[in-house]
Amino acid sequence: MKARNSGTFVMVQGTSLLKAAGLLLLFMLLIFSISGLLTSLKPQYRLMSSSVNQAATNVNGELLYQLMGWENHHFLSVEQDWTSTPTLTNMVFKLSSNINLNDPRSLLGRELPGFYQFDGKILVAGEGTNYTNMPIESAPPIEIMKAEREASLQNLEGLEKPEDENQLPAPSQTTGKRKVVYLYFTHNRESYLPYLKGVTNPNLAFHSKINVTKIGDHLKTSLEDRGIGTFIDKTDVQANLNKKGLKYPSSYQESRSVVQTAMASDRDLQYFIDIHRDSNRKDKSTITINGKSYAKLAFIIGGKNPNHEKNEKLATELHKSLEKKYKGLSRGVFVKYSGNAVYNQNLSKNAILIEFGGVDNTFEELNRSADALADVFSDFYWDAEKVNKDVEQSTKEQ
């Protein structure tokens with residue numbers, strides 16, 4: 001008799017689970033239907049990856065558990081410690097539904113047409129990094145892209161003056177006349193709001209003069225202060241797109257030819273760094289280290305590059321070094337599968353994309369971060385050079 005009752009209870013419990021899952025599915029379908037209707041009627045209401053991700057931020061394991069509890073009150077009668085036992089819950093949901101409770105995007109991503117292309121993963125997480133605050137890349141409006149109107153500039157006083165803290169003694173070792181690092185800018189007009197008068201919308205933070213190329217100038221100086229010959233390529237990729245009538249997604253196609261030309265003309269080039277600016281706001285893009293404000297860095301790797309593991313290795317090494325000397329400065333290493341997702345990184349195992357800060361950062365903060373990157377990169381570079389020389393010497397002796 002007990003066995004029969006037990007079986008009946010299991011059947012009822014299973015039915016309740018199915019009902020809860022059905023309610024959740026209906027709820028999601030309702031959201032998608034309303035979103036699709038709004039998209040059709042008003043283009044400005046189109047559903048973007050960032051908006052869905054923001055909405056999904058508040059969806060967690062406890063909410064899903066409570067949804068099931070509405071159908072089966074046995075779930076709500078259990079005293080659940082959500083801080084100590086998320087692993088089992090996460091594993092069950094992931095195995096049964098492909099939903100990862102630590103990644104709210106997985107709840108919606110596979111249900112929206114085309115949304116999966118916005119997926120990425122955190123290869124190495126920096127301090128405070130999770131799937132709700134990953135780097136965001138946004139394209140400028142068409143009129144901004146074509147530079148039909150540009151904001152007036154402000155806060156330019158002292159922009160060209162290096163800080164006294166950046167002065168270093170002459171390096172003990174140098175690459176001589178060789179340029180081994182190549183800096184370039186696929187989205188060369190990405191700018192920062194503090195310098196754009198009257199602009200508060202992050203999507204309008206673009207300018208043809210004050211932009212990420214300024215970071216390249218400072219990084220070049222900082223690397224060369226440490227003996228590492230650096231070439232900076234300020235090709236106006238955006239202007240080239242406009243001349244050719246190409247759209248913003250073709251930016252990497254345009255910058256690719258620029259990098260290939262550089263590689264063919266200078267065989268000494270070993271490392272290729274594409275400098276960008278994230279679209280996240282100040283609270284996610286800034287950190288204070290030893291009483292000074294820095295713009296956070298994020299390393300982006302293209303997941304569609306068949307050799308991405310090699311690029312990931314370089315980015316991970318730099319991230320770890322930053323964690324040791326400038327804890328919290330690096331947001332981590334991210335693998336992206338959306339859009340281009342190659343980022344010219346198949347041209348070299350030593351090619352990486354770095355996001356410098358967000359739309360609200362100042363060049364004072366950005367330059368400190370450039371110095372920090374140059375600091376750890378120079379350590380990495382000279383250690384690698386020593387290993388290479390030791391290998392060459394060993395080979396000759398054999």
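Here the structure is a predicted model, which is why all the values come from computation and not from measurement.
Around NZ of Lys234, the count of heavy atoms belonging to other residues, nucleotides or ligands within 6.0 Å exceeds 12. The neighbour count for Lys320 NZ, taken as heavy atoms of other residues, nucleotides or ligands under 6.0 Å away, does not exceed 12. Counting heavy-atom neighbours within 6.0 Å of Lys349 NZ, excluding the residue itself, gives a total of 12 or less.
Note: Leu318 CG to Ile354 CD1 = 7.0 Å, rounded to the nearest 0.5 Å. We find the CG-CG distance between Leu204 and Leu196 to be 9.0 Å, quoted to the nearest 0.5 Å. Distance check, rounded to the nearest 0.5 Å: CD1 of Ile215 to OG of Ser222 gives 13.0 Å. The structure places CG of Leu347 at 8.5 Å from CG of Asn305, a figure rounded to the nearest 0.5 Å. In this structure, CD1 in Ile289 is found 11.0 Å from OG1 in Thr286, a value given to the nearest 0.5 Å. Atom CZ in Arg189 sits 5.0 Å away from atom OG in Ser208 (nearest 0.5 Å).
Shown here for Lys336 and Met134, the closest heavy-atom pair between the two residues is CE-CE, 4.3 Å. The shortest heavy-atom contact between Ser279 and Pro202 is O-CB, 4.5 Å. Contact record, Asn133 with Gly128: ND2-O, 3.0 Å, taken as the closest heavy-atom pair. Here the closest non-hydrogen pair linking Leu322 and Ser330 is CD1-CB, 3.9 Å. Counting all heavy atoms, side chain and backbone alike, Ala372 lies closest to Tyr294 at CB-CE2, 4.5 Å.
Panel note: side chain Asp266, backbone Met263; no donor-acceptor pair is recorded below 3.5 Å. The main-chain N or O of Gly328 is found under 3.5 Å from a side-chain atom of Glu323 such that the two form a donor-acceptor pair. Checking side-chain atoms of Asn340 against main-chain N and O of Gln253 turns up no donor-acceptor pair under 3.5 Å. Judged by distance alone, the side chain of Glu355 and the main-chain N or O of Asp278 form a donor-acceptor pair under 3.5 Å. Side-chain atoms of Glu190 come within 3.5 Å of backbone atoms of Arg277 as a donor-acceptor pair (strictly under, hydrogens ignored). Asp383 places no side-chain N or O within donor-acceptor distance of the main-chain N or O of Phe380, the cut-off being under 3.5 Å. Between the side chain of Asn307 and the main chain of Lys310, no donor-acceptor pair closer than 3.5 Å is present. Side chain of Thr175 to main chain of Gly229: a donor-acceptor pair is present (N/O by atom type, distance under 3.5 Å, no hydrogens or angles). Side chain of Asn155 to backbone of Pro194: a donor-acceptor contact under 3.5 angstrom is found. When atom types are taken as modelled, the side chain of Ser369 and the backbone of Ala295 share a donor-acceptor pair closer than 3.5 angstrom.
Among Asp360, Asn201, Thr362, the single residue meeting the side chain to side chain contact (heavy atoms under 4.5 Å, CB included) criterion with Leu193 is Asp360.
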Decide yes or no on ring pair (Phe, Tyr, Trp, His ring centres under 6.0 Å) for Phe356 and His218, but give the supporting numbers first. CA-CA 12 Å; Phe356 274 78; His218 193 92; over 10 Å; no

Kindly determine whether Lys313 and Glu309 satisfy salt bridge (charged side-chain N to carboxylate O under 4.0 Å, His left out), including the steps that lead there. CA-CA 6 Å; Lys313 183 178 180 181; Glu309 293 92 349; over 6 Å; no

Going through the distances and angles, do Phe299 and Ile301 end up as a side-chain contact (heavy atoms from CB on, under 4.5 Å)? CA-CA 7 Å; Phe299 298 91; Ile301 302 300; 5.6 Å; no

Just do the salt bridge (charged side-chain N to carboxylate O under 4.0 Å, His left out) check on Glu224 and Lys220 with the steps written out, would you? CA-CA 6 Å; Glu224 291 185 336; Lys220 177 181 185 296; 3.1 Å; yes

Worked check of side-chain contact (heavy atoms from CB on, under 4.5 Å) between Phe334 and Thr129: CA-CA 10 Å; Phe334 304 84; Thr129 295; 3.6 Å; yes

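Aromatic ring centres of His308 and Tyr343 lie farther apart than the 6.0 Å criterion allows. Here Tyr192 and Phe363 bring their ring centres to under 6.0 angstrom of each other. Aromatic rings of His187 and Phe206 (six-membered ring for Trp) have centroids beyond the 6.0 Å cut-off, not under it.
At least one side-chain heavy atom of Leu168 sits less than 4.5 Å from a side-chain heavy atom of Arg226. Considering only heavy atoms from C-beta on, Ser255 comes within 4.5 Å of Asn344 through its side chain. Counting only heavy atoms from C-beta outward, the side chains of Leu156 and Leu153 approach each other to under 4.5 Å. A 4.5 Å side-chain heavy-atom check between Leu223 and Ser378 finds every atom pair outside the cut-off. Counting only heavy atoms from C-beta outward, the side chains of Leu241 and Ser251 approach each other to under 4.5 Å. Put simply, the side chain of Ile275 does not reach to within 4.5 Å of the side chain of Tyr184, judged on heavy atoms. Taking the side chain as every heavy atom from C-beta outward, Val342 and Tyr252 never approach each other to under 4.5 Å. Counting heavy atoms from C-beta on, the side chains of Gln270 and Arg178 come closer than 4.5 Å.
Hydrophobic clustering (ILVMFWY, side-chain heavy atoms < 4.5 Å, transitive): Leu297 and Val335 are in one cluster. Connection of Val181 to Phe185 is established within a shared hydrophobic cluster, with ILVMFWY side chains joined at heavy-atom distances below 4.5 Å, either directly or through further cluster members.
Residues Asn346 and Arg256 bring a donor and an acceptor atom of their side chains to less than 3.5 Å of each other. Thr213 and Asn188 share no donor-acceptor pair across their side chains, judged by distance under 3.5 Å alone. For the residue pair Ser293 / Glu365, a side-chain donor-acceptor distance below 3.5 Å is found, with atom types taken as modelled. Inspection of the His276 and Asp274 side chains reveals an N or O donor paired with an N or O acceptor under 3.5 Å. For the 3.5 Å distance criterion, the side chains of Tyr326 and Asp375 qualify, holding a donor opposite an acceptor. Side-chain atoms of Asn280 and Ser285 include no donor-acceptor pair closer than 3.5 Å. Judged by distance alone, the side chains of Asn350 and Ser348 never bring a donor and an acceptor atom under 3.5 Å apart.
Between Phe377 and Tyr381, the ring planes lie parallel to each other; the angle is under 30°, not in the 30° to 60° tilted range.
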